[in-house]
Amino acid sequence: MSAPLLGVGGDEYQNNITLLSSPTSLESVCQNGSELKERNYMGLSDCSSVDSSAKSSTSDYSCCGLNLKATELRLGPPGSLSLGRGLECCPESSTAIDEKLLFPLHPLKALVTGNKRVFSDAMNGTSEGKHVSASEVDTMLSPRPSLKPSVKASKEVSAAHQTKVKEAVYKAAVLEMPHAPTESRPGHIAATNNDASAPATKAQVVGWPPVRQFRKNNLTTTSKNNDEVDGKASNGASFVKVSMDGAPYLRKVDLITYSAYQGLSSALEKMFSCFTIGQYGSHGAPGAEMMNESKLKDLLNGSEYVLTYEDKDGDWMLVGDVPWEMFIDTCKRLRIMKSSDAIGLAPRAVQKNQGKK
Amino acid sequence: MCMFQSVMNYFPEEVLDHVFDFLTSHRDRNAVSLVCKSWYSVERFSREKVFIGNCYAVNPERLIDRFPRLRSLSLKGKPHFADFNLVPHDWGGRVYPWIEAMAKSRINLEELRLKRMVVSDESLELLAKSFPNFKSLVLVSCEGFTTDGLAAIASNCKFLRELDLQENEVDDRKGHWLSCFPESCTSLVSLNFACLKGEVNVAALERLVARCRNLRSLRLNHTVPLEVLQKILVQAPQLNDLGTGSFTHDPNSETYVKLKNAMKNCHSIRSLSGFLDVNGRCLPAVYPICTSLTALNLSYAPGLFSNELAKLIYHCKKIERLWILDTIGDKGLGVVANTCKELQELRVFPSDLYGVGNAAVTEEGLVAISAGCPKLNSILYFCQQMTNAALITVAKNCPNFIRFRLCTLNPVVPDAATNQPLDEGFGAIVQSCKGLTRLSVSGQLTDQVFLYIGMYAEQLEMLSIAFAGDSDKGMLYVLNGCKKLKKLEIRDSPFGNMALLSDMGKYETMRSLWMSSCQVTLGACKTLAEKMPRLNVEIISENEGGAGEGEARLDDRDRVEKMYLYRTLVGPRTDAPDFVWTL
């Protein structure tokens with residue numbers, strides 16, 4: 001009757017649920033509840049299929065993704081589907097339920113009823129990178145003179161809505177961003193597209209997530225400050241250029257995504273394997289934060305190349321001396337140097353290692 | 001009862017007065033004043049601290065009339081959802097009329113605590129000049145004033161002990177308000193200006209700290225550099241509560257070494273916050289303080305990595321209140337769970353509001369915390385995803401929650417493992433936590449969750465609902481079931497007229513009801529307003545056009561976008577702007 005209970009603490013919980021259903025009044029309610037639930041699931045499955053299609057196209061993601069997003073929002077919050085009911089004669093909850101079933105499948109129906117879906121279609125027509133949220137659209141509709149559903153009215157208000165959107169909490173800029181991602185972000189957007197567990201909609205809803213404006217402003221300012229100071233985006237990305245002597249073009253890696261030198265060196269090896277003549281040598285060393293002697297020796301002895309980095313002071317350093325966290329903090333760019341050029345660095349390191357042995 | 005009454009009548013009023021002195025909670029005092037007329041009378045003359053949860057429920061005249069000995073006033077203005085930009089800017093909540101009335105009646109005001117109110121510079125100037133014994137000003141989430149108003153407070157309040165500004169929107173005129181504290185001012189106990197954006201005169205700050213030997217709480221803003229912090233700590237090792245300003249410096253410098261030493265000398269610091277601009281490598285300076293910290297707020301430091309946070313927290317074994325960002329990750333929360341056995345309140349804020357990053361926590365972190373921290377009773381958790389299983393586990397581990405606020409970054413996300421609604425999970429929480437007074441739900445939710453809430457959440461006073469429910473039944477379960485409900489706020493949920501009108505008397509037992517983007521129509525709101533004269537039913541339009549136009553154009557059958565209703569003793573308010581229409 002009630003939702004399938006999960007294993008954890010399931011038994012005692014099930015007992016409680018059966019107790020719930022014993023009074024007759026509740027029983028009828030619960031039955032209705034299950035009916036409602038079934039309908040939800042149908043809506044949900046449509047929602048998820050919409051989700052995956054939303055995720056697969058970057059350009060649709062936030063910008064014109066408002067179309068899919070708008071649909072998602074309607075599917076998700078059950079109420080939003082039947083919002084705008086009030087524009088018709090009687091908002092009865094039973095009709096609301098029926099409509100909800102139909103809505104995911106027949107968005108065109110909305111044109112007739114003239115709720116905010118119409119508005120969103122109008123917005124799509126103008127293909128602006130504006131987000132549409134249930135509450136935002138509704139707030140537009142309610143104070144405006146004509147509340148009679150009509151596409152024309154919606155288009156008229158769309159211009160005013162644009163100003164409204166600009167005043168909205170979430171910066172419109174964020175939504176225009178995906179078309180011109182900042183340098184530090186491409187990896188993230190790509191990651192989000194590939195990441196199946198990413199939230200279905202990066203909901204650009206007014207007032208969601210519910211965080212005080214003061215706190216939001218502070219996050220933005222602080223990240224700007226950190227950017228100036230460290231040259232890193234404070235959401236965790238730290239892309240640095242990697243150049244290799246003799247290669248025709250450079251690459252970029254996000255240092256944050258690696259937890260130790262080993263990860264970084266294997267990634268670089270993969271990236272530049274097409275260019276190297278020699279091998280980087282084995283990286284089967286046991287997990288240690290610092291590059292240990294054997295790895296370094298392999299790198300140096302087994303290959304013509306040395307991995308170096310430029311630190312905050314502008315000096316070129318051998319990769320591997322400092323703890324990993326300190327390294328990603330100070331590294332500005334990487335360079336895969338020919339051993340012959342690394343006269344000042346490599347021999348010293350080898351000697352040091354030999355000395356340790 | 002008669003015998004009791006006659007026994008009590010033997011006591012002269014002075015004795016009753018003395019007995020009532022021991023009653024500090026305003027709820028106790030309210031209860032006591034209802035017993036009989038003489039108790040009402042004694043109580044009202046003896047009450048010095050008054051708390052008003054909704055500034056429009058009464059007016060200044062009635063306040064002063066009933067409590068002539070008023071010394072401390074707490075006022076709250078805008079509805080809670082104003083924090084999230086759902087209430088238009090000029091809605092109301094001005095404090096000026098209150099200050100003006102108290103000044104006129106020569107109230108001996110010593111303390112004023114305001115939340116979500118509009119405070120103008122004129123109000124602050126009037127406040128500063130009208131109450132010679134004024135001691136304490138606490139402003140939380142307020143707006144409308146500038147540093148000129150603060151200068152007035154600093155210059156005129158000779159016995160000022162506390163100036164506490166929390167998360168206010170202040171227009172910083174960079175006018176050296178801090179220098180306005182006269183050299184004779186030595187009474188400061190608490191100074192918090194962390195929310196100010198502009199620079200302060202650091203020399204004046206250092207002198208102020210040096211001469212206020214009773215200073216216990218100091219929270220700086222981000223413009224105060226580390227060097228100055230170091231000097232301040234040398235002057236004030238007796239601090240209990242420190243909010244650092246900027247916390248970034250070269251860890252190899254002499255200044256940093258001096259800071260480390262100064263911190264070692266601060267044995268009394270129990271609460272630490274700030275880090276408004278932080279370099280992770282400077283964090284080790286605070287490790288010596290960490291061992292005795294009971295409160296730590298790192299929620300304004302998005303630049304700290306999970307491992308840096310974990311290392312810091314590892315030292316904080318006595319923490320009772322922890323506010324952090326979700327950059328800490330589930331793993332970091334695991335460290336918290338293993339280390340912070342005294343933890344009572346945890347708040348995990350989102351670091352990434354636009355949803356393009358990876359930093360977030362999931363249900364795993366929450367479960368770990370619930371398993372590791374047996375004293376946990378209050379949580380605010382912004383997460384990427386949640387499951388019913390996790391919530392059920394949390395409910396079993398922590399039956400002592402009084403505040404449980406869960407916020408999924410996607411407002412309608414279902415159970416991440418089973419794709420079901422999160423009804424069962426929240427149901428488990430309300431069933432297990434019998435003392436729950438505040439609940440915020442999120443994720444995909446049907447009417448079922450409200451059935452559980454109505455059935456089990458007997459102590460619930462405040463409920464926040466967003467994008468949840470299927471029908472009026474949901475809201476009805478809550479209204480019928482939660483006997484102690486005081487504040488209900490709902491947005492984007494399919495609750496309509498039937499639910500709104502089913503038990504109109506209920507709203508007089510509550511402080512307020514907020515409904516936005518729901519299904520209620522104008523007609524129903526009008527009916528409610530007509531039948532319940534002691535409620536103000538406000539219809540809030542977005543802006544311009546205004547209620548004037550709206551009134552003419554809005555049909556009774558039209559949906560109302562934003563409705564805010566609250567009980568009141570004084571009828572419709574006189575300061576409502578155009579876009580607010582009180583029915």
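Inter-residue side-chain proximity for Asn217(A) and Glu169(B) is flagged as met; some heavy-atom pair is nearer than 4.5 Å. In this structure the side chain of Asn279(B) reaches within 4.5 angstrom of the side chain of Asp329(A), judged on heavy atoms. Side chains of Phe382(B) and Pro210(A) form a contact here, defined as non-hydrogen atoms less than 4.5 Å apart. When side chains are defined from C-beta on, Cys195(B) counts as touching Phe214(A), because their heavy atoms get closer than 4.5 Å.
For a residue to count as touching a neighbouring chain, one of its non-hydrogen atoms must lie under 4.5 Å from one of that chain's; by this rule Ser299(B) touches chain A with backbone and side chain alike. Contact of Asn307(B) with chain A is made through the side chain alone, with heavy-atom distances under 4.5 Å.
Shortest non-hydrogen contact noted between Arg281(B) and Thr330(A) is NH2-CG2, 4.4 Å. Here the shortest heavy-atom pairing between Asn218(A) and Tyr300(B) reads ND2-CD2, 2.9 Å. Contact record, Asn85(B) with Gln213(A): ND2-OE1, 3.0 Å, taken as the closest heavy-atom pair.
Within the cation-pi definition used here (under 6.0 Å to the ring centroid, within 45° of the axis), Arg215(A) qualifies as a partner of Phe349(B).
Interface check for chain A: of the options Gly523(B), Ser141(B), Ala417(B), the most heavy-atom pairs under 4.5 Å are formed by Ser141(B).
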